[in-house]
Amino acid sequence: MALLPVAEALKHILEAANTLETEDVGLRDALGRTLARAVEARVDNPPFDASAMDGYSVRAEDVAQVPVTLKLVGEAGAGQPFSGKVAKGETVRIFTGAALPDGADAVVIQEKVTADGTTITFRERADRDDNVRPKGQDFTKGCSLLEKGRRLTARDILLAAAAGHGTLPVVRKPIVALLSTGDELVEPGTPLARGQIWASNSFGLAAVVEAAGGEARLLGIARDSLESLSQALDSADGADVLVTIGGASVGDHDLVRPALEKSGAKLDFYKIAMRPGKPLFFGARSIGGTRQHCLGLPGNPVASLICSRVFLVPLIARLLGRDVPLEAIDAVLGDQLPVNGPREHYMRARLDLSTSPPRAMPFKNQDSGLITALQRADCLVVVPVDAPAQPAGTAVKVLKLDI
Ligand SMILES: Nc1nc2c(c(=O)[nH]1)N[C@H]1C(S)=C(S)[C@@H](COP(=O)(O)OP(=O)(O)OC[C@H]3O[C@@H](n4cnc5c(N)ncnc54)[C@H](O)[C@@H]3O)O[C@H]1N2
Ligand code: MOO
């Protein structure tokens with residue numbers, strides 16, 4: 001069977017996914033969530049002409065010639081506005097953040113005046129609007145502040161709060177169920193018998209899911225039997241995406257696809273022209289009356305994590321209504337590469353950003369069992385299908401390994 005090119009596989013996955021529903025969350029729960037609608041300002045900011053300094057509010061024309069003495073007639077504090085009006089020859093004491101009293105149009109900082117009871121002598125002249133933050137200077141009511149599809153940062157949340165929002169409309173988090181499969185697997189932290197290994201992938205993948213904005217649900221470990229797999233697959237009820245790990249290849253114990261198909265899944269594709277990641281599959285099924293995307297990742301830890309970066313992170317982004325973060329950047333090879341085979345090779349590498357263009361140094365050993373090399377890598381050099389040998393200095397595409 002011909003292997004599906006990586007770009008085609010990604011296209012199939014993205015075309016299958018639609019943006020999830022909208023929900024309102026409080027500002028305290030908004031960090032990292034994706035805006036479902038644009039956010040507009042509900043007020044002007046500042047909402048009133050405000051003093052930027054501690055000092056005295058004046059009519060600028062009264063202090064055009066200095067020194068001059070004005071009469072103190074009151075005080076304006078933050079949250080404690082002056083109720084009267086500043087008339088000719090008068091001044092009102094003012095503090096940072098207070099509303100500028102009616103009649104006043106400038107603030108003189110206190111360091112520039114001499115106060116003696118209600119007699120205030122100004123030693124420095126002021127112009128209109130000096131030390132005043134005019135109403136609406138920052139933003140005005142109704143203007144668009146945050147665009148739909150944006151992943152909310154601390155800065156965004158501060159802005160939304162200042163613009164009058166106590167809650168924000170965000171896209172519901174996709175629930176991603178993660179199922180490890182294999183007779184050799186035991187939970188991390190428990191003792192190992194001979195032939196066993198710890199099921200590390202699901203924990204790495206759960207972190208990928210959550211960093212991408214999804215909610216990970218670990219379904220534990222299914223054994224290599226149709227019965228155990230079927231039972232575990234039934235427990236993925238309520239998830240938007242089911243990710244199976246391992247059992248995807250062609251061995252006698254690779255039963256994940258048959259079990260999934262038995263549970264009603266229709267596979268869109270199986271096997272892609274990617275290294276690592278060849279036995280990846282994708283499809284969908286109906287469970288509990290809702291449609292669930294099914295992504296089968298290879299068991300090799302390196303393959304599963306790299307495939308999650310290339311396929312699962314964009315799938316989650318699409319479910320969240322976000323742009324798909326898979327842009328490759330331009331770099332040059334720091335070392336020569338041999339001829340590539342029939343699969344697009346995602347080579348673990350380190351990226352030196354101090355040079356222009358950045359220089360990517362692929363690791364010598366690209367075995368997909370090397371977890372330490374994956375952990376040390378900060379990018380993937382993407383080597384096209386059947387690429388010829390390439391000397392150091394060749395231009396290449398690189399995917400940042402930001403997971
Ligand atoms: N005859 C062939 N054999 C294999 C082929 C092939 O085309 N023909 N493809 C190879 C490729 S490429 C890959 S990748 C692997 C993937 O196979 P599976 O998806 O069936 O993965 P498993 O056999 O279940 O596991 C592979 C490896 O990873 C370990 N593993 C599995 N799950 C976990 C987990 N949750 N945490 C940590 N480690 C895990 C497992 O113990 C194995 O060592 O197939 C090749 N074979
Ligand atoms: O292509 Mo398989 O995913 O190593 O090594």
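In this text, all values refer to a predicted model and were calculated from it rather than measured experimentally. Note that ligands are numbered from 1 as they come in the structure, with each ligand's atoms numbered from 1 the same way.
Of all atoms in ligand 1, numbered sequentially from 1 with element shown, those under 4.0 Å from a heavy atom of Val250 are 1 (N), 2 (C), 8 (N). Near Lys278, meaning under 4.0 Å from any of its heavy atoms, are these atoms of ligand 1: 6 (C), 7 (O). For ligand 1, the atoms closer than 4.0 angstrom to any heavy atom of Ala248 are 18 (P), 19 (O), 20 (O). Ligand-side atoms of ligand 1 in range of Gly246: 19 (O), 21 (O), 24 (O), range being under 4.0 angstrom from any heavy atom. Those atoms of ligand 1 that come under 4.0 Å of a heavy atom in Trp198, given as number and element, are 36 (N), 37 (C). Ligand-side atoms of ligand 1 in range of Asp254: 20 (O), range being under 4.0 angstrom from any heavy atom. Every atom of ligand 1 is numbered from 1 in the order shown, and the set under 4.0 Å from a heavy atom of Ser200 is 36 (N), 37 (C). Every atom of ligand 1 with a heavy atom of Gly247 under 4.0 Å away is listed here by number and element: 18 (P), 19 (O), 20 (O), 21 (O), 22 (P), 24 (O).
Considering backbone and side-chain atoms together, Ser249 places an N or O closer than 3.5 Å to an N or O of ligand 1. In terms of polar-atom proximity, defined here as any N/O pair under 3.5 Å, Gly299 does make such a contact with ligand 1. Every N/O-N/O distance between Ser202 and ligand 1 stays at or above 3.5 Å. Between Pro298 and ligand 2, a contact under 3.5 Å exists for no N or O pair.
In this structure, Gly182 does not count as a contact residue of ligand 1, since none of its heavy atoms falls inside 4.0 Å of the ligand.
Within the 4.0 Å heavy-atom criterion, neither part of Ile221 lies near ligand 1.
Considering only non-hydrogen protein atoms, atom 41 (O) of ligand 1 sits nearest to Glu184 OE2, 2.6 Å.
Judged by distance alone, the side chains of Ser263 and Arg285 do bring a donor and an acceptor atom under 3.5 Å apart. Using modelled atom types and a 3.5 Å distance limit, the side chains of Ser368 and Asn300 yield a donor-acceptor pair.
Of the listed options Leu205, Asn201, Asn300, Asn201 places a heavy atom closest to atom 33 (C) of ligand 1.
Shown here for Ala41 and Phe139, the closest heavy-atom pair between the two residues is CB-CD1, 3.5 Å.
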